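Protein chains get the first letters and strands the later ones, always in sequence-line order, with residue 1 at the start of each. On a predicted model such as this, the values are computed, not experimentally measured, just so you know.
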Amino acid sequence: MRVSQFFISTLKEAPTEAELISHKLMLRAGIIKRLGSGLYTWMPLGLRVLRKIENIVREEMNKSGAIELLMPAVQPAEIWHETGRWEVFGPQMLKIKDRHEHDFCFGPTHEEVITDIARREIKSYRQLPLNFYQIQTKFRDEIRPRFGVMRSREFIMQDAYSFHTDSTSLDQTYQLMFDAYNKIFSRIGLNFRAVSADPGAIGGSRSHEFHVLADSGEDAIAFCPDSDYAANIELAEALPLSKSPQTPAPTNSMQKIVTPNKKTCQEVANFLNVPLEETVKTLAVMANDKFFLLLLRGDHQLNELKVNKIPFLAGFQLATEQQILEKTGTVPGFIGPVGLDDCLIVDKAVMEMKNFVCGANEKDYHLTNVNFDRDIKTPDHVLDIRNVVSGDLSPDGKGQLEICRGIEIGHIFQLGNKYSKDMKANYLNESGQSKPMEMGCYGIGVSRIVAAAIEQHHDAQGIIFPLAIAPFQLVIVPIGLKKNAQVKAEVEKLYQEFSTANIEALLDDRDERPGVMFADMELIGIPHRIVVSERGLKAGNIEYRGRRDEESQAVPLADIVTFITSKLCTN
RNA sequence: CGGGGCGUAGCGCAGUUUGGUAGCGUACUUGCAUGGGGUGCAAGUGGUCGGAGGUUCAAAUCCUCUCGUCCCGACCA
């Protein structure tokens with residue numbers, strides 16, 4: 001491709017709207033243009049990257065035995081009523097009406113559509129298992145779109161849905177998809193990790209997320225450096241702090257201390273000059289019209305997901321100030337467990353504390369040297385209700401956890417038979433009985449991968465695309481193209497030779513100064529560059545430089561095509 | 001939805017406090033020079049100052065409403 005016949009539009013300065021490095025670079029490189037909040041045009045350069053990713057996904061999905069189809073982006077409300085998700089999905093779903101006032105949505109996902117296909121087409125166990133996939137534009141009306149295509153409203157996703165007679169078959173396909181996804185992300189050139197995840201609103205049992213590791217990621221991941229354990233922090237189990245936990249015996253007597261206006265654990269710890277880990281925070285919640293106090297160590301964070309999984313706390317909400325006053329006689333900031341033994345839910349880590357500080361249930365007072373068994377009755381409910389922190393014991397018993405951040409680029413689920421039951425997607429088994437199909441679903445955020453890859457691969461000059469998804473593999477920068485007939489002749493010849501060798505070369509034939517061409521090509525992240533100049537040709541050389549290289553190297557003109565070909569193979 | 005910020009040329013910004021009819025850098029156009037890291041000089045093009053209403057002799061500037069957008073929070077396959 002000649003630059004003069006393509007479309008490149010770069011910016012020296014990034015628009016203020018961009019915060020994230022990948023977002024800035026995508027705008028500066030002219031990969032995307034914003035049309036509205038969470039809505040982006042993929043410019044020609046960006047589309048080439050997107051297509052490369054799609055093709056890798058397509059190849060690996062096909063290899064795994066999945067079959068491609070394409071479902072409508074707009075879906076009728078009826079099928080969503082069948083699963084109850086017309087209401088459940090909430091405002092994230094963009095609902096629209098046609099001219100007859102009939103309800104539709106712009107598909108945020110396609111379980112309903114594919115299950116409708118399955119119930120119409122699949123009648124017999126002999127047709128199973130089947131795995132359908134598509135690469136499609138979806139729309140989710142995010143509360144707050146941000147970071148460009150990282151969290152946009154319209155986005156491109158590969159979604160696959162598998163159908164099975166039983167969970168053994170589902171397990172097999174789940175494993176195939178797990179392997180295929182690993183293959184895909186490796187081929188793209190991402191530094192990623194598969195982590196155990198919560199199945200979330202979509203329902204189901206087993207689930208893994210695939211995360212690109214990046215400090216800017218929106219998700220926190222707990223992993224064990226000494227094993228392959230990795231889980232979303234929402235899911236990671238917090239073990240007791242020590243391997244044989246016990247409640248220590250008190251050594252000091254309880255005291256009531258005046259702590260004027262000190263409401264948070266941090267404020268109290270500073271005021272009393274004690275470590276934050278020796279304070280206990282008390283959260284008042286209501287669940288099923290009953291009042292509970294959740295106790296956590298001062299430096300720990302509540303994990304709402306874990307609390308919601310406790311049957312009698314499901315659907316809990318923070319208590320109002322009115323309710324707190326009624327039950328404890330005080331205001332938030334000074335609540336404590338002493339004297340309220342009956343409604344305590346205690347995190348495991350708290351049970352290993354002694355002589356701790358907590359609210360006194362009286363405004364502007366806290367208690368110090370509080371201890372279980374003596375000041376508080378041994379609680380009935382000691383549970384895991386906190387987020388793990390760096391240094392916690394790994395649930396697989398193989399070391400300590402560390403926390404890192406990740407960008408979710410893929411997610412695989414076992415759905416079971418929720419959708420097949422709701423929508424009566426049944427098949428006849430060997431004995432002629434009608435059974436609901438077992439289902440799995442598997443998704444990759446195709447457009448998000450572009451941002452994630454850039455987040456992981458860039459430098460001060462701009463993007464460094466992994467070869468597999470680069471818009472072009474090579475750029476030819478001529479110096480003196482208009483002035484020097486020999487340069488022009490060699491450049492044209494090389495351009496033809498690369499084309500014949502199936503190398504995707506971009507020829508920068510603009511009448512620009514070398515510095516401009518270098519800067520642009522580095523910004524848009526072309527992995528390999530050759531420079532053709534009068535100076536080089538006199539010595540019989542072409543200059544080569546990889547995007548990550550510190551310096552250029554001279555390559556004999558006669559060898560350059562072979563040289564580049566080998567570069568493309570080894571990378 | 002709650003809190004905060006910002007809307008002035010394609011992009012980055014000044015001008016708003018104290019009203020007087022719009023400016024800088026860059027990009028773009030033209031010419032000359034230059035030709036290995038965003039080159040130099042010169043001359044140009046481009047803005048109903050987000051929109052509507054109001055105050056005033058006069059509004060980018062003051063007032064009211066409105067729209068858009070970004071950040072923080074709650075949400076999320």
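The nucleotide G35(B) finds no pairing partner, because no Watson-Crick or G-U wobble arrangement with both distances shorter than 3.5 Å includes it. Base pairing annotation: G23(B) forms a Watson-Crick or G-U wobble pair with C13(B), both donor-acceptor distances under 3.5 Å. Within the shown strands, nothing qualifies as a pairing partner of A59(B) under the Watson-Crick or G-U definition with both distances less than 3.5 Å. For G7(B), the paired nucleotide is C67(B), the pair qualifying as Watson-Crick or G-U wobble because both relevant distances are below 3.5 Å. Across all strands shown, G47(B) forms no Watson-Crick or G-U wobble pair with both distances under 3.5 Å. Base pairing annotation: C1(B) forms a Watson-Crick or G-U wobble pair with G73(B), both donor-acceptor distances under 3.5 Å.
Computed from coordinates, the Leu27(A) CG to G10(B) C1' distance equals 13 Å when rounded to whole Å. One can place NZ of Lys12(A) at 4 Å from P of A27(B), the figure rounded to the nearest angstrom. When rounded to the nearest whole Å, the span between CZ of Phe147(A) and C1' of C72(B) equals 11 Å. As rounded to whole Å, 14 Å separates atom C1' of C70(B) from atom CZ of Arg153(A). Spacing between atom CD1 of Ile479(A) and atom C1' of U34(B) amounts to 14 Å, rounded to whole angstrom units. In this entry the distance linking CG of Asp511(A) with C1' of U34(B) reads 11 Å, nearest Å. When the C1' atom of G37(B) is taken as reference, atom CZ of Arg510(A) falls 14 Å away, rounded to whole Å. A straight line from CZ of Arg151(A) to C1' of C70(B) spans 16 Å, rounded to a whole angstrom.
With hydrogens and angles ignored, no donor-acceptor pair closer than 3.5 Å exists between the side chain of Glu512(A) and the base of G38(B). A donor and an acceptor atom never sit less than 3.5 Å apart when one is taken from the side chain of Asn484(A) and the other from the base of G35(B). No hydrogens or angles were tested; on distance alone, nothing pairs the side chain of Arg144(A) with the base of C75(B) as donor and acceptor under 3.5 Å. A donor N or O paired with an acceptor N or O is not found under 3.5 Å between the base of G12(B) and the side-chain atoms of Arg28(A). Between the base of U69(B) and the side chain of Arg34(A) there is no donor-acceptor pair shorter than 3.5 Å. Contact of Arg545(A) with G37(B) (side chain to base): a donor-acceptor pair of N or O atoms is detected under 3.5 Å.
A cation-pi arrangement is present between Lys95(A) and Trp86(A), with the terminal nitrogen or guanidinium carbon under 6.0 Å from the aromatic centre and inside a 45° cone about the axis. Annotation: cation-pi pair Arg529(A)/Phe518(A) present, NZ/CZ under 6.0 Å from the ring centroid and within 45° of its normal.
In this structure, Lys482(A) places its NZ atom where more than 12 heavy-atom neighbours from other residues, nucleotides or ligands lie under 6.0 Å away.
Comparing G36(B), C70(B), G37(B) by their closest approach to the side chain of Glu522(A) singles out G37(B). Closest to the Ile143(A) side chain, of the nucleotides C11(B), C75(B), G36(B), is C75(B). Comparing C11(B), G37(B), G38(B) by their closest approach to the side chain of Phe518(A) singles out G37(B). Among U39(B), C11(B), A74(B), the nucleotide with an atom closest to any side-chain atom of Arg513(A) is U39(B). Side-chain atoms of Pro15(A) lie closest to C11(B) of the nucleotides C11(B), G36(B), C75(B). The Arg535(A) side chain lies nearest to G36(B) when the options are C71(B), G36(B), C70(B).
No contact: Val477(A) has no heavy atom under 4.0 Å from any strand. Here Lys483(A) lies in heavy-atom contact (under 4.0 Å) with a base. Residue contacts for Ala18(A): at a heavy-atom cut-off of 4.0 Å it reaches no nucleic acid atom on any strand shown. Across all strands, Phe155(A) comes closer than 4.0 Å to base atoms (heavy-atom distances). Residue contacts for Met157(A): at a heavy-atom cut-off of 4.0 Å it reaches a base atom on one of the strands shown. As judged by a 4.0 angstrom heavy-atom cut-off over every strand, Thr16(A) is placed among residues touching the sugar-phosphate backbone only. Counting any heavy atom pair closer than 4.0 Å across all strands shown, Asp159(A) reaches no nucleic acid atom. At a threshold of 4.0 angstrom between heavy atoms, the contacts of Glu408(A) with the nucleic acid are absent. In this structure, Arg529(A) reaches the bases: a heavy-atom distance under 4.0 Å links it to at least one base atom across the strands shown. Asp141(A) comes within 4.0 angstrom of no nucleic acid atom, judged by non-hydrogen atoms across all strands. Looking at heavy-atom distances under 4.0 Å, Glu218(A) makes no contact with the nucleic acid at all.
Of the C1' atoms belonging to A9(B) and C28(B), the separation is 11 Å, rounded to the nearest Å. Nucleotides G51(B) and U8(B) place their C1' atoms 14 Å apart, quoted to the nearest Å. Spacing between G19(B) and G37(B) at atom C1', rounded to whole Å, works out to 48 Å. Comparing the same atom, P, in C41(B) and in A27(B) gives a spacing of 12 Å after rounding to whole Å. Spacing between U34(B) and G15(B) at atom P, rounded to whole Å, works out to 41 Å. Taking atom P in both A33(B) and A59(B), one finds a spacing of 49 Å when rounded to whole Å. With both ends at atom C1', the span from G23(B) to U30(B) equals 23 Å, rounded to whole Å. Nucleotides C11(B) and G47(B) have their C1' atoms positioned 14 Å apart, rounded to a whole Å.
To the nearest 0.5 Å, the span separating CZ on Arg535(A) from CD on Glu543(A) amounts to 6.5 Å.
Under 3.5 Å, the side chains of Glu534(A) and Asn484(A) contain a donor-acceptor pair of N or O atoms. Remark: the Glu111(A) side chain and the Thr109(A) side chain contain an N/O donor-acceptor pair separated by less than 3.5 Å.
The residues Arg206(A) and Asp171(A) are annotated as salt-bridged, a charged nitrogen and a carboxylate oxygen being separated by less than 4.0 angstrom. Salt bridge status for Glu267(A) with Lys263(A): absent, with no side-chain N to carboxylate O gap under 4.0 Å. At a threshold of 4.0 Å, the pair Asp422(A)-Arg85(A) does not count as salt-bridged, since none of the basic side-chain nitrogens sits closer than that to a carboxylate oxygen.
When the nearest nucleotides of RNA chain B are assigned to Gly38(A) and Met517(A) by heavy-atom distance, the more 5′-ward of the two goes with Met517(A). Residues Asp219(A) and Val532(A) each lie close to RNA chain B; by heavy-atom proximity, the contact nearer the 5' end of the strand is made by Val532(A).
Distance alone, capped at 3.5 Å, is enough to place a donor-acceptor pair between the Ser152(A) side chain and the Glu154(A) backbone.
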